[in-house]
Amino acid sequence: MRKTLYTLLIVLTGSLIIYTSCKKTVEGRTDNVPALNPASVDLDAGTWKTVLLSRPDSFLVAAPALINVPGYIGELNEIKGLQHNLSDQQISDIKYWAAGSVLRWNETMRELVAKHNLPPYQNEDGTYPIPSSANPFAYPEFPFSNPPYAARAYAYISAAQYDALVACWHYKKLYNRAAPYKVDSTINANAIYINKTDLPSYPSDAAVLAGVTADLMKLFFPTEIGAVEAKAANAKESTIASGACTRSDWAAGEALGRQIASVFAARGRTDNTGKAVGTQTQWDSLATAAIGKGEIPWISLETPKRNPMLPFFGNVKSLLIDSTSMASLLPGPPPSTNSDQMKKETEEVLSYVKNPSRDDIELVHFWADGAGTYTPPGHWNAIASEDFIVQNFSEVRWARNMSLLNIAMMDAAIICWKTKYFYFNPRPSQMNPEIKTTTGVPNFPSYISGHSTFSGAAATILSHILPARADAYNKMADDASKSRLVGGLHYRSDIEVGMDVGKKTGNYAVQRAQTDGAE
Amino acid sequence: MKHFKRHMLLMKLALVLGFFAPLAASAQTDVDAIMMDKNNFCVGGIYSHSGWKNYWEGTLKRNNENLGTVTTQAISVNGNYGINKHLNVLFGLPYISTKASAGTLHGMKGVQDLSLWVKWQGIQKDFGKSTLSLFVLGGVSTPMSNYTPDFQPLSIGLGSTNLSARIMADYWVNNFFVTGSATYTYRDNINIDRTSYYTTELHNTNEVEMPNVASFNLRTGWRSHYLIAEAVATNMTTLGGFDIRRNDMPFPSNKMNATTVGANLKYTPRAMSGLSIIGGGNYTVAGRNMGQSTTIYGGLFYVLDFNKKHATNSAATKK
């Protein structure tokens, strides 16, 4: 009897464990997105206004071979050969890319930002090492993809993807070579994992995206060169095997993409980012300037004190706003550190963190996007992507919308960083050490709130792109902004002025959207 | 009266100690060989204090001047009821508060996880002066409040619902004993407040896959009716999970491993044999993605006898 019970208990417990352990795998929200099915292929997108490219045909793409020559027929046979024996992994890869290359490369970008968004550990002497693009593999690996770095990387890559696809569409319409699934009935029958459209396949849009993105990603994340090229190769194999393009469609597209990347790479070398870190003398002068104005200067709240994050990022050249207009976005000063207003605002912050409710903590953590994450701009990329998935945009419209969003957030980063270091205002926890925060305090001055500026800009341009979602975007932006007050990171002035500056910045992107030929 | 009082302590207090405290931190309870008699209910409370200054970031031992010393305090109510002398049910529920002595991060506090164990003494063989017992235990624990597990190392727990299976052997001779046990804990996935997180790759979801845990416990010492004094060694190994990246913060699904050593005492006054006083401590000697914590605890327990043949308060009648 006892033995039976004993055995029974073991069997029961054992089977419970086996049963439950099978169900753990976590699925991402976009793991099984259906194949992109554009409502319109935007055949005339070759006329849309580009960001840096002077003309859509700045780089020549040679005319494709005719579709009845042996070389092309050989390419069709290559596709049939691939489709003949697809492994489960290959099918899964085809489906992954079929959801949209702009989406998948954007997700890859977010992953790289999150992976590299870690502040370096200090040296023995209490100073901090600075990542070096000349020696990217040495600790601390280059880059430290903090919010301004990330905002710029998202913007450059999105804008380059957009320009590259405009050029791609120009040649697609010009040469009008039909896709393999239109040319060959066997390929048509086998192309079951993609949606078939009338969009010409030469040069391949997936190839343009792979080429332009891979080349720029290697600049922004040089240690990822192997992983990025492997990803591009996977996109190539998958797209050809899907029946969407031939090898010559791909080759022409990839070459075009890589050429357009060089335009953005050249701009990146001269946009003042190289001077954004500054030197000890420059850092000291920021504090001296604040003291000269009778204000308490910002100090790092880390131990040992960390050099401020990219203090001269405010001088980075925008992809959209000229320097005079950018200067006009600089807001007036925060309340003086000696004022009653500042005292009142500091007390308000303290009142939020004295006894944070679970809802407060949830709000703060939902929007924290701190170290080790894809940053606030990445969060807005995720929000936009998941909304765009159901919109059935063409790839070129996807790229255009992501480009507008990310250019707006890079501009938000520029003006926000300009403001932060112009006023050099202390964080609430510096004004009152009793203020304990429910997420980490970023290592840069308080005024104005980065989250608020990013979110104001993002909500403004996204509301223009998807007006039906405007209320939702504005609510999200308000939540993101308020989370910084509730979490003890910012004063009310920081978030309110930040939101205002962000919205004004976003309006430049809206104006651009109204005149780029896509609407 | 051969029942020994049962108290609970940790296993849960373990999970309690959240991120950086070892699972199975201490003595007595679901990891010892003591059984309550039929209809006896032992109930009491424990206070524990645990702190660490150094921790293992992956396998690299370091400190963090932006945390200073991370302290976890817990008050728990624990109980053990004898369905019969070979089958007991145990529970524990702690209230926890955490804080960091340096930096700006806010401490957390709240009711943590309720744990329930069924403990069955399947075999008991007497060899004259010695006794060999084999036990089988099954346990479940689940959060009793909606605390966030995603604010490590200051979260009060890991937030997962756990199922545990344990086998345990105890050999007792002339008041000396040795007890060994092995436990497998299945941990259900958890949800966090953010919609995306990075482990070794980016996850676009708020659900986190929690790796399961294996743990081993070995204890030996003196066990008589009025005094238990024992040394304890515990090892916990997370079966999966990932290492904290250089200078990153910890995460609930990290590969948290720890080996602790410690000692426990339980004293029952002859004048009041329903009462027992417990105390002890332990130290983490090796770890991975865990704090090197030092824990001390103390508690008071009382046995209520619900057998009809006894007076309502057995302890009072024994005076």
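Values reported hereafter were calculated over all heavy atoms of this structure, with side chains retained and with hydrogens, waters and symmetry mates removed. We name chains A, B, ... by the order of the sequence lines, and we start the count at 1 in each one.
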**Student:** What verdict does the ring pair (Phe, Tyr, Trp, His ring centres under 6.0 Å) test give for B:Tyr198 and B:His203, after you've listed the backbone C-alpha separation in whole Å, the side-chain angles of each residue and the deciding distance to 0.1 Å?
**Tutor:** CA-CA 6 Å; B:Tyr198 188 90; B:His203 301 264; 7.9 Å; no

**Student:** So that I can tick it off, tell me whether A:Asp360 and A:Lys482 are bridged by a salt bridge, with the cut-off set at under 4.0 angstrom between side-chain N and carboxylate O.
**Tutor:**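 A salt bridge is absent here (no side-chain N lies under 4.0 Å from a carboxylate O).
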
**Student:** Does the cation-pi check pass for B:Lys125 over B:Tyr171, that is, NZ or CZ under 6.0 Å from the six-membered ring centre and within 45° of its axis?
**Tutor:** no

**Student:** Pick one of side chain, backbone, both or neither for A:Ser429, based on which atoms fall under 4.5 Å of a heavy atom in chain B.
**Tutor:**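 When you check distances to chain B, only side chain atoms of A:Ser429 fall under 4.5 Å.
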
**Student:** Looking at B:Phe242, is B:Lys255 sitting on its ring face, NZ or CZ under 6.0 Å from the six-membered ring centre and within 45 degrees of the normal?
**Tutor:**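 Not satisfied by the 6.0 Å and 45° rule.
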
**Student:** Please flag which part of B:Asn64 lies under 4.5 Å from any non-hydrogen atom of chain A: side chain, backbone, both or neither.
**Tutor:**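 Interface part for B:Asn64: neither.
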
**Student:** So which of A:His365, A:Arg110, A:Glu107, A:Arg358 has the biggest tally of heavy-atom pairs under 4.5 Å with chain B?
**Tutor:**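 Most heavy-atom pairs within the cutoff with chain B belong to A:Arg358.
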
**Student:** Please classify the contact of A:Gln122 with chain B as side chain, backbone, both or neither, using a heavy-atom distance under 4.5 Å.
**Tutor:** side chain

**Student:** Distance-only, no hydrogens or angles: does the B:Gln152 side chain make a donor-acceptor pair with backbone N or O of B:Pro252 under 3.5 Å?
**Tutor:**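 The answer is no, because no donor-acceptor pair under 3.5 Å joins these two groups.
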
**Student:** For the interface with chain B, which of A:Glu386, A:His379, A:Glu362 has the highest count of heavy-atom pairs at distances below 4.5 Å?
**Tutor:** A:Glu362

**Student:** Tell me, with the steps shown, if A:Tyr149 and A:Phe144 meet ring pair (Phe, Tyr, Trp, His ring centres under 6.0 Å).
**Tutor:** CA-CA 8 Å; A:Tyr149 186 92; A:Phe144 165 23; 8.8 Å; no

**Student:** Who among B:Ile192, B:Asp193, B:Thr200, B:Asn146 has the most heavy-atom pairs with chain A under 4.5 Å?
**Tutor:** B:Asp193

**Student:** For the candidates B:Glu65, B:Glu209, B:Met210, B:Arg246, which exhibits the highest count of non-hydrogen atom pairs separated by less than 4.5 Å from chain A?
**Tutor:** B:Arg246

**Student:** Could you look at A:Pro120 and say if it's the side chain, the backbone, both or neither that has a heavy atom under 4.5 Å from chain B?
**Tutor:**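 For A:Pro120, the contact with chain B is made by the backbone alone.
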
**Student:** Heavy-atom distance under 4.5 Å to chain B: side chain of A:Ala382, backbone, both or neither?
**Tutor:** neither

**Student:** When only pairs under 4.5 Å are counted, which of A:Thr373, A:Thr30, A:Thr108, A:Ile361 shares the most heavy-atom pairs with chain B?
**Tutor:** A:Ile361

**Student:** Does the distance from a Lys or Arg side-chain N to an Asp or Glu carboxylate O, for B:Arg288 and B:Asp243, drop under 4.0 Å?
**Tutor:** yes

**Student:** For B:Met108, is it the side chain, the backbone, both or neither that has a heavy atom under 4.5 Å from a heavy atom of chain A?
**Tutor:**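 Side chain only.
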
**Student:** Which atoms of B:Asp248 are under 4.5 Å from chain A, going by heavy atoms: the side chain, the backbone, both sets, or neither?
**Tutor:**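 Both parts, backbone and side chain.
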
**Student:** Do B:Asp150 and B:Arg194 sit within salt-bridge range, that is, some charged N less than 4.0 Å from a carboxylate O?
**Tutor:** yes

**Student:** Does atom NZ (A:Lys354) have a neighbourhood of more than 12 heavy atoms from anything else shown, all under 6.0 Å?
**Tutor:** no

**Student:** Quick one: of B:Arg62, B:Met249, B:Lys109, who has the most non-hydrogen atom pairs under 4.5 Å with chain A?
**Tutor:** B:Arg62

